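One is the number of the first residue; the rest follow in order along the sequence. None of these values were measured; they are calculated from a predicted model.
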Amino acid sequence: MADKPELSLLYPQGGMQRASGTAVAEPTLVSALAAESLFGVMRNTNRFKPHQKNPIGYFTDKIEVISYRLDVLEDLMDNEPLAKLLQTLLPDLEDMKELQQIDKVQATDTAAELTSISEIELYIGLIDRLYDFFQKERVTLRSAGLRALAEQLKRIGESGPFRNLKAEYDRISTSIRSIKSITVGVNLDEQFRPYEAGVVAVHESRFQSGKIIDKLLRMDFSNDPFNCIAPLEVVGKGLTHEQTNGFRAAVNSALNTVFKSSIRSWRPVVRAYTYSESKFLINLVDEIRFLLGGVSLVNKLRDAGVPVCKPRVEPKERKAFEINGLYNPAIVLDQQKILDERATNKVVLNPIKFDANGMIYILTGPNQGGKTVFVQAVGIAQLLFQLGIFVPAFSASMSPVDQIFVHFPDDSDRKATGRFGDECQRLMTICQKLTEHSLLLMDETFSGTSALEANYIAEQVLLGLRTAGCRVLFSTHLHELARSIDDLNKRADSDTGRIDSLTAELEAEHSDTGRRSYKISRSRPAGTSYARDIAEKYGLTYEGLMASLHRRDRNEPEAL
């Protein structure tokens, strides 16, 4: 008989292994996209754990996995009480996971016995609260993952073994928790040094401090047996470290004898059941933490007044990437930290679509025109999509890629080859790895050489990338390159994907801050308007310079 598929909230059942397929996401991708704030929100949602799995480790190119996760995330977004319950229970899940790890290496002593009790207590509490929620709330679940979880909880919660476990746990825990004190018999040698000790009796009451004079005056030592003849002392007071450890060892040894008949005979069977049945909960800890992080990120963006959507998943072969209202969510989160106000009017939403007429885009525009931010937004959207998280846009239809490559300016690893040599070497390494299903993001590549040389080399690279058939977004100051697109398309050896142009165009200038906002459009660059726009902003035109000279001759102040 085949084993039942392992329950997962991130991977479909039915034999699919927990694997990311052929997709690769380098750990440096997050920093290259300046997306640390996004993943900071996801990881800081829960209490810090040093060995938390990095969210980027869930990157996948399997459309079944992406769709599965998006459905689970949608259910959690639509059922806030369920998300809050999982958030509340996550610390207990993590504690139970830690207790199981401790139990594998711990010696057989009192602490180990009590650890097993704590583990069973956590397990019963988790099953009861989750079972009660799904039975009483009657939530509508569309995702296969959460429906499978609800069915598993129902099966366990209504099973005979679980009910017997609860009854046995109640009996044992009542017996154990009722122990408040013990009477220890100690044999002394001729020098009144203890050399043997044993438990005489176990009590449900605590001993109280007393005085020997009170006992003597009453002359009745049988009354009030829990009133000591001397004040109680804190364990270890006046003893050396070795003496304290010896005392504790003696007491623990005595307690082990007490627990032996009750817990030890019961522990192996119950532990085997608990480990077997709780394994699915332990395996869900990292997944629940990841999903709750995704919920937190989506809620934070929505609270900022920007759109977030569940993308439509397309097959990899379609190379789909059509987004309406794309923006950079990292910018939104950074603004929230600084301004602590809604960001609706501060974020420009842009459309972008990779298609047969534009599989490679050359993005041009003025400095500070939002080109880098837009390139990063494209990478972030693709990354979130392949993690199974909603994307920052009004709507999106996307296919997975096998890898997101970035080629951005990098001054941290300058070699003897110089800046331009380093740029070429890094780009060649990328070209040796990319496939027709890759996404390549380039920002100011070839800026380490002259514009004439950069333009020539960029043409050669773009022709090669067109033959490779991958999707490319190339942000550059090389406006002549964008104006030669028709010629590049004619020179290409293949028709796997044409080159097209995107431009960053001035949308508005905010009079209160002087800040300009730019919108990305699918169009060709218009002459020298970029340089003129920047020059006019700073008065570097003939008219501006002449006016400045006249003001200087008349000793008039410069206009601000």
Side-chain angles (χ1 to χ4, degrees), residues 10-12 20-26 29-30 32-33 35 38-39 42 55-56 58-74 77 143 290-291 294 297-298 301-302 306-330 349-361 363 373-406 434-441 469-474 496-498 500 502 520 522:
L10 297 184
Y11 299 90
S20 300
T22 58
V24 177
E26 298 293 341
L29 180 62
V30 173
L33 297 176
L38 274 70
F39 291 90
M42 293 184 65
I56 201 173
Y58 291 110
F59 187 81
T60 179
D61 63 348
K62 292 186 176 180
I63 60 174
E64 304 94 333
V65 176
I66 297 171
S67 298
Y68 187 85
R69 294 177 186 176
L70 289 170
D71 290 344
V72 172
L73 188 66
E74 184 178 39
M77 296 297 305
S143 65
F290 170 80
L291 289 166
L297 175 60
V298 172
L301 291 172
R302 285 180 173 173
V306 290
V308 185
C309 73
K310 178 184 179 183
R312 179 179 177 179
V313 183
E314 299 286 358
K316 180 187 290 187
E317 292 70 26
R318 284 201 57 189
K319 299 183 181 180
F321 190 102
E322 182 175 1
I323 298 183
N324 178 31
L326 176 67
Y327 62 92
N328 191 319
L349 308 179
N350 292 292
I352 180 172
K353 179 182 180 181
F354 286 94
D355 54 29
N357 292 319
M359 197 58 66
I360 297 175
Y361 282 110
L363 171 60
V373 170
F374 181 73
V375 173
Q376 291 171 335
V378 169
I380 289 173
Q382 189 72 43
L383 176 59
L384 291 178
F385 166 71
Q386 291 189 230
L387 290 175
I389 299 174
F390 290 9
V391 300
F394 284 123
S395 63
S397 179
M398 306 173 70
S399 296
V401 300
D402 55 19
Q403 190 163 352
I404 302 173
F405 293 100
V406 293
L434 58 78
T435 72
E436 63 173 317
H437 297 299
S438 301
L439 172 63
L440 172 57
L441 305 174
C470 58
R471 279 154 282 181
V472 181
L473 178 56
F474 178 20
T496 53
R498 296 175 64 81
D500 204 352
L502 297 174
I520 308 298
R522 190 169 181 173

| said: Can you tell me if K310 has over 12 outside heavy atoms packed within less than 6.0 Å of its NZ? | reply: yes
| said: Minimum heavy-atom separation for P400 and E314, please, with both atom names. | reply: CD-O, 3.4 Å
| field | Worked check of side chain to side chain contact (heavy atoms under 4.5 Å, CB included) between Y327 and L301 | value | CA-CA 11 Å; Y327 62 92; L301 291 172; 4.1 Å; yes
| field | Side chain proximity check, L38 to L384, heavy atoms < 4.5 angstrom | value | yes
| message | Before you tell me yes or no, could you show the steps for R522 and N357 under side chain to side chain contact (heavy atoms under 4.5 Å, CB included), namely the whole-Å CA-CA distance, both residues' side-chain angles and the distance that decides it to 0.1 Å? | response | CA-CA 11 Å; R522 190 169 181 173; N357 292 319; 3.8 Å; yes
| Looking only at heavy atoms, what is the nearest atom pair of A377 and L326, with distance? | O-CD1, 3.9 Å
| Considering only heavy atoms from C-beta outward, does the side chain of L473 approach that of F374 to under 4.5 Å? | yes
| request: Please report the shortest heavy-atom distance between L383 and L29, naming the atom on each side. | output: CD1-CD2, 4.2 Å
| Taking all atoms of both residues into account, what is the closest heavy-atom pair of V391 and A381, and its distance? | CG1-O, 3.6 Å
| Does G388 offer a backbone N or O that forms a donor-acceptor pair with the side chain of Y68 under 3.5 Å? | no
| said: Tell me the closest heavy-atom pair linking G358 and D500, and the distance in Å. | reply: CA-CB, 3.9 Å
| request: Measure the spacing between CD1 of I63 and CG of L70 and express it to the nearest 0.5 Å. | output: 12.0 Å
| said: Any salt bridge linking K319 with E436? Criterion: basic side-chain nitrogen under 4.0 Å from a carboxylate oxygen. | reply: yes
| For V401, does its backbone N or O pair with a side-chain atom of Q386 as donor and acceptor, under 3.5 Å? | yes
| How about I520 and Y361: do any of their side-chain heavy atoms sit closer than 4.5 Å? | no
| request: Keeping the roles fixed (side chain from R69, backbone from L10), state whether a donor-acceptor pair exists under 3.5 Å. | output: yes
| query | Can you say whether the rings of F354 and F321 are parallel (under 30°), tilted (30 to 60°) or perpendicular (over 60°)? | reply | perpendicular
| Sub-4.5 Å side-chain heavy-atom contact between C470 and T435 | no
| said: Taking the side chain as everything from C-beta on, heavy atoms only, tell me whether P392 gets closer than 4.5 Å to N328. | reply: no
| query | Please walk me through it: do Y58 and V65 pass side chain to side chain contact (heavy atoms under 4.5 Å, CB included)? | reply | CA-CA 10 Å; Y58 291 110; V65 176; over 6 Å; no
| query | Atom CZ of F394 and atom CG of L349: how far apart are they, to the nearest 0.5 Å? | reply | 5.0 Å
| message | Does any part of the side chain of F59, heavy atoms only, come nearer than 4.5 Å to the side chain of I404, both counted from C-beta? | response | yes
| Non-hydrogen side-chain atoms of F405 and E26 separated by less than 4.5 Å | no
| field | From CG (L33) to CZ (F39), nearest 0.5 Å | value | 8.5 Å
| request: Kindly compute the distance separating CE (M398) from CD (E322), expressed to the nearest 0.5 Å. | output: 11.5 Å
| Does any non-hydrogen side-chain atom of F474 lie less than 4.5 Å from one of I360? | no
| note | In this structure, CD1 of I389 is separated from CG of L291 (nearest 0.5 Å) by 8.0 Å
| Donor-acceptor pair, side chain of S399 and main chain of P315, under 3.5 angstrom | yes
| remark: Rounded to the nearest 0.5 Å, the CZ atom of R312 sits from the OG atom of S395 at a distance of 11.0 Å
